Amino acid sequence: SIIWNNTRNSGTITALTGGSQSDFRVSHSILNDNTENFSGDQYASNIWHYEPQFVDYNNNDFRIKSTGVGVNGGNSALYSTHGTLVTNVDYYGNNRTEGTIDIGAFEHQTPINRAAAYLYVDKNVAGGNGSGDSFVNAIKELSDVMQYTNIRTLNSSSSVPSTYRDNFNGVSIYVAKGEYTPHYSPNNFNHASSADLNSFLLSKNVQIIGSFAPKDGIENYNDRNLKNHNSVLKGNNHKHLVIAAGGNSSGAVLDGFYVTGGNASSGSNIDVNGESLNASFGGGIMVQGAEISLKNLVVRGNKAKDRGAGIYVEKSNGKIKISNSVIDHNIAGTSNDQGEGSGIYLNNGSQAIVVNTTVTQNITNRTSGGGALHVKDHGKFKIYNSIVWDNRNADATPKLLNLTGGDDSDFEVYNTIVNANSNPDGISGDGHNDGENSGKINFTTHNPMFVLQLMLICIKMLDWQVEK
């Protein structure tokens with residue numbers, strides 16, 4: 001059964017209450033995680049405290065989506081002691097024998113195939129059965145799918161019995177163009193008390209791949225055009241828009257998205273997969289104790305009160321590889337002389353491999369140090385075939401701050417175009433570089449000539465010709 005969001009006059013949510021000698025026997029059910037103590041002979045097993053994913057809670061449609069934890073989450077044997085499973089139907093007259101019985105009053109007729117190699121998401125899908133087995137039957141909300149995969153790969157959780165844990169290793173989630181917003185807390189997979197605490201939490205070994213356009217016939221990976229058909233992970237000042245935390249996020253891939261609108265504006269730390277995440281770090285993408293791949297991204301327009309407005313990486317087992325991406329117009333620091341790593345911040349032995357990526361026009365509210373790519377405390381940057389250009393601080397006369405680092409920081413830079421810092425936190429504009437890759441610096445400071453710059457030069461040349 002589902003016992004959810006029942007309240008007292010005071011507004012306090014409560015599920016089960018009882019006095020002395022009361023007796024509850026609860027199994028294979030979904031309840032708010034605030035059930036009061038009760039005494040008496042009691043039996044409780046296989047209880048979930050996760051948001052059930054009702055189809056339309058506000059309009060009293062209490063069917064659960066195909067991605068809800070209650071789908072195939074019941075126990076048919078328990079039902080059979082109170083009815084005839086073969087012949088009984090649910091509230092709407094649907095057969096109760098669609099696989100394992102569901103939890104709640106309604107039986108979902110087209111559940112997700114747990115053995116599927118691909119799941120499909122389309123915000124704008126019309127019709128279909130919501131099973132996620134194709135773009136025709138796509139699931140509408142990426143956040144719903146990610147709650148589903150996270151719950152079922154959370155092997156350390158005693159709330160999910162081993163018989164219900166799915167192995168999603170290697171599964172790819174294909175996401176059609178459109179804007180997607182997170183709806184669940186990465187801490188407990190329920191709606192957070194404040195919407196800005198919801199995040200997209202990456203799941204272990206799950207690939208989330210965006211920018212498909214099924215209505216235009218673009219359903220294959222190599223046919224994507226990220227410029228014309230972009231999938232957007234859209235924050236509204238969410239603390240950490242995307243999170244990869246601990247071993248339960250390692251091996252994840254995020255590919256083909258705009259990541260925008262994150263804002264790590266401070267507040268209490270949040271615990272995710274055993275990691276305590278600082279609410280002032282990592283507005284766009286927060287990575288702590290996980291190793292992930294980032295591909296074909298635009299990380300733009302994110303903020304952090306302190307560190308890593310675009311991307312923040314923490315701990316020696318925190319590692320990212322980012323390729324074919326753009327990191328621009330992110331802002332680190334909300335007041336003067338605050339903020340470091342407006343593009344990417346590495347801390348505490350974490351590592352980043354940056355390949356064929358452009359980092360430009362990021363702003364740090366700091367008079368010295370803390371550039372767009374900032375590394376500290378034994379962190380390591382390896383930057384190849386990339387452009388790091390025109391990243392500055394917010395002074396009245398902005399200074400260039402591209403590569404900077406603290407003691408024992410480590411840069412390895414090859415075949416890359418970088419402005420020399422005009423106010424370096426180190427020597428010769430290169431930032432500190434006294435780690436094991438000391439001296440492995442090979443970049444040019446020649447202007448990369450972005451398209452708009454080339455256009456302006458051509459216009460000036462034309463004007464000169466006319467004047468001649």
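Since the structure is predicted, the reported quantities are computational estimates derived from the model, not experimental observations.
Under the side chain to side chain contact (heavy atoms under 4.5 Å, CB included) criterion, V125 pairs with D122, A138, K140, sequence neighbours left out. Residues meeting the side-chain hydrogen bond (donor to acceptor under 3.5 Å, both in side chains) test with S276, sequence neighbours left out: N269. Partners of E141 under the salt bridge (Lys or Arg N to Asp or Glu O under 4.0 Å) rule, at least two apart in sequence or in another chain, are K123. Among residues two or more places apart in sequence or in another chain, the side chain to side chain contact (heavy atoms under 4.5 Å, CB included) test is passed with S266 by S280, K305. Partners of H329 by side chain to side chain contact (heavy atoms under 4.5 Å, CB included), not counting sequence neighbours, listed by chain and number: R300, Q361. With sequence neighbours excluded, the residues that form a side-chain hydrogen bond (donor to acceptor under 3.5 Å, both in side chains) with N391 are N362, N402. The side-chain hydrogen bond (donor to acceptor under 3.5 Å, both in side chains) test applied to Y120 returns no partner, not counting sequence neighbours. Shown here are the side chain to side chain contact (heavy atoms under 4.5 Å, CB included) partners of L197, two or more places apart in sequence or in another chain: A192, S193, S194, K239.
Side-chain contact annotation: S265 with N263, donor-acceptor N/O pair under 3.5 Å absent. A donor-acceptor pair shorter than 3.5 Å can be found between the side chains of N5 and Y57. Side-chain contact of T404 with H374: a donor-acceptor pair under 3.5 Å is present, judged by distance alone. Q53 and Q147 form a side-chain donor-acceptor contact under 3.5 Å, judged by distance and modelled atom types alone. Defined by atom type and a distance below 3.5 Å, a donor-acceptor pair is missing between the side-chain atoms of T360 and D328.
Side chain of T364 to main chain of N393: no donor-acceptor pair is present (N/O by atom type, distance under 3.5 Å, no hydrogens or angles). At distances below 3.5 Å, not a single donor-acceptor pair connects side-chain atoms of S231 with backbone N or O atoms of G178. A donor-acceptor contact shorter than 3.5 Å links the side chain of N129 to the backbone of S131. At least one donor-acceptor pair closer than 3.5 Å links the side chain of N150 to the backbone N or O of M146. Judged by distance alone, the side chain of N190 and the main-chain N or O of H49 form a donor-acceptor pair under 3.5 Å. The closest donor-acceptor contact from the side chain of T358 to the backbone of V326 lies at 3.5 Å or more, if one exists at all. In terms of modelled atom types and a separation under 3.5 Å, the side chain of H238 and the main chain of G261 share no donor-acceptor contact. Judged purely by atom type and a 3.5 angstrom limit, S29 uses its side chain to pair as donor or acceptor with the backbone of S1. A donor-acceptor pair under 3.5 Å is formed between the side chain of S386 and the backbone N or O of Y384. Under a 3.5 Å cut-off, the side chain of N137 and the backbone N or O of G130 do not form any donor-acceptor pair.
Smallest separation of non-hydrogen atoms from L226 and G256: CD2-CA, 3.7 Å. The two residues A309 and A332 come nearest to each other via the heavy atoms CB-N, 3.9 Å. Between A372 and S342 the shortest heavy-atom distance is CA-OG, 3.4 Å. Nearest heavy atoms, S250 versus A290: OG-CA, 3.4 Å. The two residues I322 and T357 come nearest to each other via the heavy atoms O-OG1, 3.7 Å. S143 and H183 make their closest contact through OG-N, 2.9 Å (heavy atoms, listed as atom of the first residue, atom of the second, distance).
Here ring pair (Phe, Tyr, Trp, His ring centres under 6.0 Å) pairs that include residues 253-305, with residues two or more places apart or in two chains, are F281-Y312. The list of salt bridge (charged side-chain N to carboxylate O under 4.0 Å, His left out) pairs with a residue in residues 343-361, not counting sequence neighbours, is empty. Residue pairs meeting the salt bridge (charged side-chain N to carboxylate O under 4.0 Å, His left out) criterion with at least one partner in residues 265-292, sequence neighbours excluded, are E275-K315.
Note: M286 CE to H240 NE2 = 4.5 Å, rounded to the nearest 0.5 Å. Between atom CG of residue L31 and atom CD1 of residue I2 there is a gap of 10.0 Å, rounded to the nearest 0.5 Å. Note that OG of S268 and CG of L277 are 12.5 Å apart. Values are rounded to the nearest 0.5 Å. Atoms OG and CG, on S203 and N205 in that order, are 10.0 Å from each other to the nearest 0.5 Å. Summarising the geometry, atom OH belonging to Y345 is positioned 4.5 Å from atom CD belonging to E340; distances are rounded to the nearest 0.5 Å. In this structure, the separation between CG on N419 and CG on L401 is 10.5 Å, given to the nearest 0.5 Å.
Counting only heavy atoms from C-beta outward, the side chains of F381 and D410 never approach each other to under 4.5 Å. N348 places none of its side-chain heavy atoms less than 4.5 Å from the side chain of H378. Side-chain contact check for K321 versus L294: every heavy-atom pair is 4.5 Å or farther apart.
Counting heavy atoms of neighbouring residues, nucleotides and ligands inside a 6.0 Å radius, atom NZ of K65 exceeds 12 of them. Other residues, nucleotides and ligands place no more than 12 heavy atoms under 6.0 Å from the OH atom of Y118.
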| task | Before giving the answer on side chain to side chain contact (heavy atoms under 4.5 Å, CB included), spell out for T260 and K234 the whole-Å C-alpha distance, their side-chain angles and the decisive distance to 0.1 Å. | result | CA-CA 5 Å; T260 186; K234 177 71 171 177; 4.1 Å; yes

| task | Run the numbers on E412 and K380 for side chain to side chain contact (heavy atoms under 4.5 Å, CB included), then give the verdict. | result | CA-CA 8 Å; E412 178 176 319; K380 297 181 181 181; over 6 Å; no

| task | Could you walk me through whether V418 and T416 pass side chain to side chain contact (heavy atoms under 4.5 Å, CB included), step by step? | result | CA-CA 6 Å; V418 185; T416 291; 3.6 Å; yes

| request: Take I64 and I30, measure what side chain to side chain contact (heavy atoms under 4.5 Å, CB included) needs, and give me the verdict at the end. | output: CA-CA 12 Å; I64 51 179; I30 302 174; 5.8 Å; no

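A salt bridge links D216 and K177; the closest N-O separation between the charged side-chain nitrogens and carboxylate oxygens is under 4.0 Å. Between R224 and D255 there is a salt bridge, since at least one side-chain N of the basic residue sits less than 4.0 Å from a carboxylate O of the acidic one.
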What donor-acceptor contacts under 3.5 angstrom involve side-chain atoms of residues 349-356, with partners at least two apart or in another chain?
| residue | atom | partner | partner atom | Å |
| --- | --- | --- | --- | --- |
| S350 | OG | V313 | O | 3.0 |
| S350 | OG | N347 | N | 2.9 |
| S350 | OG | N347 | O | 2.9 |

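Applying side chain to side chain contact (heavy atoms under 4.5 Å, CB included) to I311 and the options N302, V259, I344, N330 leaves one that passes, I344.
Note: F212 and F135 have tilted aromatic rings, judged against thresholds of 30 and 60 degrees for the angle between ring planes.
Centroid-to-centroid, the aromatic rings of F189 and Y184 stay 6.0 Å apart or farther.
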